[in-house]
Amino acid sequence: MRSSYVAVLDIRSADITAVVGDRGVNSTFIIKSKYTAKYDGYAEGDLLDLNSFKSAISNVVSRTLASNKGLKAIYIGVPGEFLKLINTDEILSFESVKKITPQDLKELRQMATPASTDKWVEIRHGALYYVLSDKRKVINPVGATGDSLKGRFCFYMCSSAFIACVQEAIKPFPQLTDVRLIPSVHAEAMYLIEPEKRDDVAVLVDLGYISSSYSVICGNGILYTESFSLGIGHVAFYVSDELDIPFEVASSFISTVNLNARENYGSEEECLYDGKLYQVSTYDICEKVRYALDIICSSIDECADSFRGANLSLKPICITGEGVKTIRGAADHLAARLEKGIEVVSPKVPYYDKPQYSSVFSLLNMALDDAKATK
C-alpha cells in the first residue's frame with residue numbers, strides 16, 4: 001500500500017465510516033477505500049449498545065484491512081459527546097529580549113497542560129493564540145522578539161470509558177499496532193473554517209442524526225464546545241409520534257417536503273411501506289418538522305448563552321453534518337428562528353462536497369497532517 005495513505009474511523013451518532021486516503025491535487029483527496037456500517041449510536045455521553053458499536057467497527061475495519069494489506073495505523077475520531085474541553089492560560093518570561101523559537105512554544109504548552117485523571121485523558125491540544133510582550137496577539141509567534149510570551153491553549157480530554165470501548169472494539173485486529181485519537185470537533189473546526197475567520201471567533205454547529213455539537217472557534221483551537229443529544233433523527237421521531245405513522249415513513253416524508261415551498265393545504269405526501277400506502281397532508285408534516293427544528297434551535301440558543309467569552313450576537317453560524325440537507329429549507333428555517341446568518345459548510349472535494357461528509361474528510365485531513373509531521 002502507498003506509504004502516504006492513512007486510515008481514519010469516523011464515529012457518527014448513527015453510523016461508522018472507515019476511509020483510507022491520501023492527498024490529491026488542489027486540496028482534494030485520493031480515496032483508496034471507504035466502508036460504512038450503521039449501529040445504534042450514542043446519546044447523553046454513552047454508547048447506546050456496546051455490541052452494536054463493536055459489530056459496526058468490526059465490519060468496516062475488517063473490510064478495510066482486507067483491501068489494504070500492511071495497514072498498521074488508524075486514526076479514530078472522538079465525537080463531542082465523549083470530550084471535555086479545558087482552556088488554560090500561561091506566560092513564559094525570558095531573562096532578556098530574545099527571538100521566540102519552537103522550543104519556547106513547546107515549553108509554554110507543557111506548562112499549560114492539565115493533568116489527566118482516571119476519567120479523562122488528554123488526546124490533543126491546540127493554541128488559540130499567543131500574546132507577545134508588546135501586547136500583540138498572534139497565531140504563530142516563532143521569529144518574533146520579546147521578553148515574554150503568553151499563550152492560551154485548549155486541551156481535549158477524552159472519556160476513559162470511551163477509550164476502553166474503542167480498545168475493546170479494535171482488540172480483534174492485532175495488526176493495528178498504532179491507534180491514535182483525534183477530537184472530531186477540532187478536526188472539523190480546522191478544516192471547514194478558513195483561518196481568517198478563525199482569527200477572531202467563528203461558530204460551527206454540526207447537526208447530526210442523534211447527537212449534535214456547538215463550537216466557538218478561535219485561532220487554532222476551540223474556546224467552547226458543547227454536545228447535545230438532538231439531531232435530524234429526532235425530527236423524524238417527532239413526526240412519527242405526532243402523526244402516528246411508522247418511523248421509516250416519517251423519515252421518508254421529511255426528506256421529500258420543502259419548508260420553503262408555498263403552502264398548498266390540499267397537497268399530500270405518499271409513501272408505500274410494508275405493503276401499506278401512507279398519505280399525509282404536506283402542510284401537517286411541514287408544521288411538525290418546523291416545531292421539531294425549533295426544539296433543536298432552543299438547544300443551540302442554550303449553548304450560545306452558556307458561552308462566557310466574546311460577543312456572538314453578530315456572528316453568523318456555520319453549519320454542517322448529515323442533518324443539514326436531509327430536509328429542504330431546514331437551513332433557512334434555522335436562520336429565521338435563530339435570527340442569525342447561516343452558512344452551510346462542507347468539504348471542497350468533488351462528489352463529496354456535501355455536509356454529511358464533513359467529519360470524515362476533516363479527520364482525514366488532520367490524520368494526513370499528523371502522519372506527515374511524524375515522518
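Residues Val78 and Ile222 share a hydrophobic cluster, clusters being chains of Ile/Leu/Val/Met/Phe/Trp/Tyr side chains in contact below 4.5 Å. By the rule that hydrophobic residues join a cluster once side-chain heavy atoms approach within less than 4.5 Å of another member, Leu48 and Ile16 end up as members of separate clusters. Note on Ile217 and Ile317: separate hydrophobic clusters, where clusters join Ile, Leu, Val, Met, Phe, Trp and Tyr whose side-chain heavy atoms are under 4.5 Å apart, directly or indirectly. Taken together through direct or relayed side-chain contacts under 4.5 Å among Ile, Leu, Val, Met, Phe, Trp and Tyr, Ile100 and Ile91 form parts of separate hydrophobic clusters. Residues Tyr39 and Val360 are members of one and the same hydrophobic cluster, defined by side-chain heavy-atom contacts under 4.5 angstrom among Ile, Leu, Val, Met, Phe, Trp and Tyr.
Taken from CZ in Phe29 to OH in Tyr352, the straight-line distance is 11.5 Å, to the nearest 0.5 Å. In this structure, Ile319 CD1 and Leu338 CG are separated by 8.0 Å, a value rounded to the nearest 0.5 Å. With rounding to the nearest 0.5 Å, the separation of CG in Leu334 from CG in Leu207 is 7.0 Å. Between Cys318 atom SG and Leu204 atom CG the span is 6.5 Å, to the nearest 0.5 Å. With values rounded to the nearest 0.5 angstrom, Arg152 atom CZ is found 13.5 Å from Leu108 atom CG. Glu270 contributes atom CD, which lies 8.0 Å from atom CZ of Phe253 (distance to the nearest 0.5 angstrom).
A cation-pi geometry, defined here as NZ or CZ lying under 6.0 Å from the six-membered ring centre and within 45° of its normal, does not hold between Lys84 and Phe82. Cation-pi contact between Lys98 and Phe94: present, with separation from the ring centre below 6.0 Å and deviation from the ring axis of at most 45°.
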Before giving the answer on side chain to side chain contact (heavy atoms under 4.5 Å, CB included), spell out for Ser299 and Tyr214 the whole-Å C-alpha distance, their side-chain angles and the decisive distance to 0.1 Å. CA-CA 9 Å; Ser299 290; Tyr214 175 99; over 6 Å; no

Apply side chain to side chain contact (heavy atoms under 4.5 Å, CB included) to the pair Val6 and Val20, showing each step before the final yes or no. CA-CA 5 Å; Val6 299; Val20 175; over 6 Å; no

Between Ile57 and Val61, is the side chain to side chain contact (heavy atoms under 4.5 Å, CB included) condition met? List the steps. CA-CA 6 Å; Ile57 287 184; Val61 171; 3.8 Å; yes

Could you walk me through whether Val185 and Leu83 pass the side chain to side chain contact (heavy atoms under 4.5 Å, CB included) test, one step at a time? CA-CA 9 Å; Val185 292; Leu83 291 172; 3.8 Å; yes

Would Asp369 and Arg23 count as a salt bridge (charged side-chain N to carboxylate O under 4.0 Å, His left out) if you check the C-alpha gap in whole Å, the side-chain angles of each, and the deciding distance to 0.1 Å? CA-CA 10 Å; Asp369 284 347; Arg23 296 278 184 204; 2.6 Å; yes

Show, in sequence, the C-alpha distance, side-chain angles and deciding distance for Asp200 and Lys137, and conclude whether the salt bridge (charged side-chain N to carboxylate O under 4.0 Å, His left out) test is met. CA-CA 11 Å; Asp200 185 14; Lys137 185 185 294 186; over 6 Å; no

Is there a salt bridge (charged side-chain N to carboxylate O under 4.0 Å, His left out) between Arg290 and Glu287 once you walk through the steps? CA-CA 5 Å; Arg290 291 188 180 101; Glu287 284 301 291; 2.9 Å; yes

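Judged purely by distance below 3.5 Å, without hydrogens or angles, the side chains of Thr256 and Glu269 pair a donor atom with an acceptor atom. In the model, Ser362 has no side-chain atom that pairs as donor or acceptor with a side-chain atom of Asn365 under 3.5 Å. No hydrogens or angles considered: a donor-acceptor pair under 3.5 Å links the side chains of Glu81 and Ser211. Donor-acceptor pairing under 3.5 Å is recorded for the side chains of His333 and Asp294. Side-chain contact check for Ser160 and Asp118: no donor-acceptor pair (N or O, by modelled atom type) lies under 3.5 Å. A side-chain donor from one of Ser313 and Asn311 sits under 3.5 Å from a side-chain acceptor of the other. Side chain to side chain, Tyr35 and Ser67 meet the donor-acceptor criterion of an N or O pair below 3.5 Å. Side-chain polar atoms of Asn260 and Arg328 form no donor-acceptor pair below 3.5 angstrom. When only modelled atom types and interatomic distance are considered, Ser359 and Asp10 share a side-chain donor-acceptor pair under 3.5 Å. A donor atom on one side chain and an acceptor atom on the other are found under 3.5 Å apart for His186 and Tyr156.
Closest heavy-atom contact between Tyr130 and Gly151: CD2-CA, 3.9 Å. Counting all heavy atoms, side chain and backbone alike, Pro79 lies closest to Ser184 at N-OG, 4.2 Å. The shortest non-hydrogen separation linking Tyr278 to Pro246 is OH-CG, 3.4 Å. Considering all non-hydrogen atoms of both residues, Ile210 and Asp40 come closest at CD1-O, 3.7 Å. Taking every heavy atom of both residues into account, Asn258 and Cys286 meet most closely at O-SG, 4.3 Å. The shortest heavy-atom contact between Phe247 and Phe237 is CE1-N, 3.6 Å.
Under the rule for a salt bridge (Lys or Arg N to Asp or Glu O under 4.0 Å), Lys119 has no partner lying at least two apart in sequence or in another chain.
The environment of Glu339 atom CD is sparse: at most 12 non-hydrogen atoms of other residues, nucleotides or ligands sit within 6.0 angstrom. Surrounding CG of Asp305 are more than 12 heavy atoms belonging to other residues, nucleotides or ligands, all under 6.0 Å away.
Side chains of Lys325 and Lys354 form no contact here, defined as non-hydrogen atoms less than 4.5 Å apart. A 4.5 Å side-chain heavy-atom check between Lys340 and Pro316 finds every atom pair outside the cut-off. Within the 4.5 Å cutoff, side-chain heavy atoms of Phe53 are placed close to those of Cys165. Taking the side chain as every heavy atom from C-beta outward, Arg124 and Asp370 approach each other to under 4.5 Å. Within the 4.5 Å cutoff, no side-chain heavy atoms of Thr225 are placed close to those of Val216. Residues Asn220 and Leu128 fail the side-chain proximity criterion, which asks for heavy atoms closer than 4.5 Å. Within the 4.5 Å cutoff, the side chain of Pro141 has heavy atoms near those of the Leu132 side chain. Side chains of Phe153 and Ile86 form no contact here, defined as non-hydrogen atoms less than 4.5 Å apart.
Side-chain atoms of Ser212 come within 3.5 Å of backbone N or O of Leu230 as a donor-acceptor pair.
Screening residues 205-231 for salt bridge (Lys or Arg N to Asp or Glu O under 4.0 Å), with sequence neighbours left out, gives Arg12-Asp206.
With respect to Lys276 and Asp274, no salt bridge is recorded, no charged nitrogen being found less than 4.0 Å from a carboxylate O. One finds a salt bridge joining Arg337 and Asp301 here, because a Lys/Arg side-chain nitrogen approaches an Asp/Glu carboxylate oxygen to under 4.0 Å.
Taking the centre of each ring, Phe361 and Tyr191 stay at or above the 6.0 Å mark.
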Name every donor-acceptor pair, under 3.5 Å, that has one atom in a side chain of residues 172-183 and the other anywhere in the protein, sequence neighbours excluded.
residue: Asp178; atom: OD1; partner: Arg180; partner atom: NE; Å: 3.1
residue: Asp178; atom: OD2; partner: Arg180; partner atom: NE; Å: 2.9
residue: Asp178; atom: OD2; partner: Arg180; partner atom: NH2; Å: 2.6
residue: Arg180; atom: NH1; partner: Tyr75; partner atom: OH; Å: 3.0

